[in-house]
Amino acid sequence: MDLARILRFAAVITLLLALQALFASGLVNPYYVRVLILCCFSVMLAVSLNIIIGHAGQFSIGHAGFYAVGAYSAGAFTVYAGPPIGQALGLDRLPVWLEGTAFLMGAVCVGTVFAALAGLAVGLPSLRLRGDYLAIATLGFGEMIRVVIQNVEAVGGPRGFSGIPIYSSFFWAALFAVTTVWIARNLARSRHGRALLAIREDETAASVLGINVTKHKVAAFVLSSALAGCAGALYAHYEGYLEPRSFDFIRSIEIIIMVVIGGMGSTTGAVIAAVILTLVPELLRGLAEYRMVIYSALLILFMLVRPQGLFGTWELSWETLRARWEKRRERP
Amino acid sequence: MQEFLQQLVNGLVWGSAYALIALGYTMVYGILRLINFAHGDVYMMGAYSALFISGWLTAAGAPVAQSPLWAMVAMLGAMAAAGLLGFLIERLAYRPLRAAPRLTLLITAIGVSLFLQNVAQLAFGSEPRSFPELIPSSTILQVGSITLSNQQAIIIAVSVVLALALQVIVHRTSIGRAMRAVSYDREAAALMGISVNRVISFTFVLGSALAAAAATLIALNNPLVTPTMGVQPGLKAFVAAVLGGIGNIYGAMAGGLVMGVAEVMIVGYGSSGYRDGIVFAILIVVLLVRPTGLFGSPVTERA
């Protein structure tokens, strides 16, 4: 890692810590902070789903299932395994914030790993399927995950899982959102990412070129579900309460809408669409009942007039903006 | 054994209603290669139509709740309304995308599904409405402890009649022949002078009308109507269509029956909490073992 990168990383951390301090001071309306945190979760979900839909071109409609696996396993970890582990390691003698951070990191690891395992279990068999059939299979798995959670009494069953300690904060949500974006962008530029693009464009041609299609697809699927699980773990420790209904088919669809409207294949598009689609309903509080109607009408409209989404596969960055600007100036 | 047979009867009753919904999925898939996610919501709209139509008929003095004839009028009205809705959906949302990639079409179908659900929620309210008792229940057949109610008999009889009618339409009429031709090869059918758009519209009308019939039939037994009532039956009927081999009419009927029986059995002998899980378990097993379904012919999927 070169110095510039370390400095950039330090700058991001400092900025987030400063914002966290500002938010914790109570000067900012806590409602705004909440909306901002929800935006971070949406960004993580949309960007992670974009890896599989946008980059690899595999249509998956069960993303909320992996989010649920992350949230529930992380919550269960903190509630059931947390206290004994804390005592054994002497964490309870630490300052409260440090203890909370330690538990949160443990829970995030658990949530990420479990969601990754679920992603592997779903991805290995179903990624042999193509197109519609893959969409149906992921839909089936997503619903199965929800049904199973609904039937496990230890995590509250249909009543919901309450009593999860609240450890995450704006800082953690934002830090992980930034990390997710960073991972997705580096992936897109890597060898693996280029293999995924080749698979997206033409699976048969990619395999003829010697790309191990299944391996790359499964790896992307596992990464995508792991990141969703990580978001779930943070969400569980932010709300302190989980209910199976918040992880149903509709939630998966909401995440897909973010990816589609942002432009399948564009990470920055996914980020911007995730933020907009989380903010808009909050801004239109008075129109709450119209929210989903507007959402769905928007989705149909987008497909009819701009199926590539806001950004297409175009990434927003200083370089692309500058290139655009220069191109415009060259024009007579 | 007696209980098992009773469960089997109950399962077949549900299954025949699923089969009617599954027919709509399978016909649309056969012709457009589109999973019409909005089909379950057309079913929901069909239920509301039947509810309103029977309400109006009652207000106009027709004895809907007593006479099977008027109940039939309500059902036919709902079928017409849903057929119109299916026509509009195809015309406004799917036809402009005829040349677009199939993924675009799939996402649009999801959009239409959400749109219908939420429009219904706005227009009719989200609280469940109760359906008038169209035909009062009575037992018409009893063998040992196995009973068959008149409602169950009606559900099975009407489903069989409609499935047979569809069979006649598809195999004995010229529009049916056109449907088969379009589903076999759309370009070649167009070259032979078949108006492809008309055939596709007809398919949507037919499938939607069958879904509305299923909605009215299920309302006999399960008289609650909600804006999201289409989601689960829609998904299940869809799984039934996949199970039977999507695109295959006999397959959809067989798949619907299997699905109904499986669901009733899991509630009877297993845990009702897993009721919605069993169908997806079936779905996944079918997809992994035999993706083209029980009766489907193997097709190489074209990109």
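Here is how names work: the chains are called A, B, and so on, in the same order as the sequence lines, proteins then strands, and each is numbered from 1. All values below were derived from every heavy atom in this structure, side-chain atoms included, with hydrogens, water molecules and symmetry-related copies excluded.
- Nearest heavy atom pair, residue L304(A) against residue A93(B), reads CD2-O, 3.6 Å.
- When heavy atoms are compared at a cutoff of 4.5 Å, Q121(B) does not approach chain A at all.
- Judged as a ring-ring contact (aromatic ring centres under 6.0 Å, His included), and not counting sequence neighbours, the contacts of Y25(B) are H39(B), F238(B).
- Atom CZ in F280(B) sits 9.5 Å away from atom CE in M144(A) (nearest 0.5 Å).
- For chain A, no part of Y94(B) is nearby; none of its heavy atoms comes within less than 4.5 Å.
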Only pairs under 3.5 Å count here: list side-chain donor-acceptor contacts from residues 213-222 of chain A, not counting sequence neighbours, and write none if there are none.
unit_1  : atom_1 : unit_2  : atom_2 : d
H216(A) : ND1    : H192(A) : ND1    : 2.7
K217(A) : NZ     : L127(A) : O      : 3.1
K217(A) : NZ     : E203(A) : OE2    : 3.0

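- Your options are L122(B), L97(B), I35(B), and the one with the most heavy-atom pairs under 4.5 Å with chain A is L122(B).
- Proximity to chain B (any heavy atom under 4.5 Å) is shown, for F141(A), by both the backbone and the side chain.
- Residues L235(B) and L139(A) have side chains in contact (heavy-atom distance under 4.5 Å, counting atoms from C-beta outward).
- If you tally non-hydrogen atom pairs under 4.5 Å between each of V286(B), T104(B), L105(B) and chain A, the highest count goes to T104(B).
- Heavy-atom distances place no part of L298(A) under 4.5 Å from chain B, backbone and side chain included.
- No other option in V293(A), L299(A), L301(A), T204(A) has as many heavy-atom pairs under 4.5 Å with chain B as V293(A).
- S296(A) OG to I110(B) CD1: the interatomic distance, rounded to the nearest 0.5 Å, is 12.0 Å.
- Interface check for chain A: of the options L116(B), V112(B), V239(B), V231(B), the most heavy-atom pairs under 4.5 Å are formed by V112(B).
- The 12-atom threshold is not exceeded at CZ of R91(B), counting heavy atoms of other residues, nucleotides or ligands nearer than 6.0 Å.
- Of the atoms belonging to I107(B), heavy atoms from both backbone and side chain fall under 4.5 Å from chain A.
- Contacts of A100(B) with chain A are absent, with no heavy-atom separation under 4.5 Å from either backbone or side chain.
- Other residues, nucleotides and ligands place more than 12 heavy atoms under 6.0 Å from the CZ atom of R98(B).
- Interface summary for chain B: among V147(A), I300(A), N151(A), I61(A), the most heavy-atom pairs under 4.5 angstrom belong to N151(A).
- With sequence neighbours excluded, the residues that form a side chain to side chain donor-acceptor pair (under 3.5 Å) with S48(A) are H63(A).
- Crowding of R180(B) atom CZ: a count of heavy atoms from other residues, nucleotides or ligands under 6.0 Å exceeding 12.
- When G57(A), P125(A), S126(A) are compared by the number of non-hydrogen pairs under 4.5 Å with chain B, P125(A) comes out ahead.
- Only the backbone of L92(B) comes within contact range of chain A, with at least one heavy atom under 4.5 Å from a heavy atom of that chain.
- When the heavy atoms of residues 250-260 of chain A are compared with those of chain B, the residues falling under 4.5 Å are I250(A), I253(A), I257(A), V260(A), listed by number.
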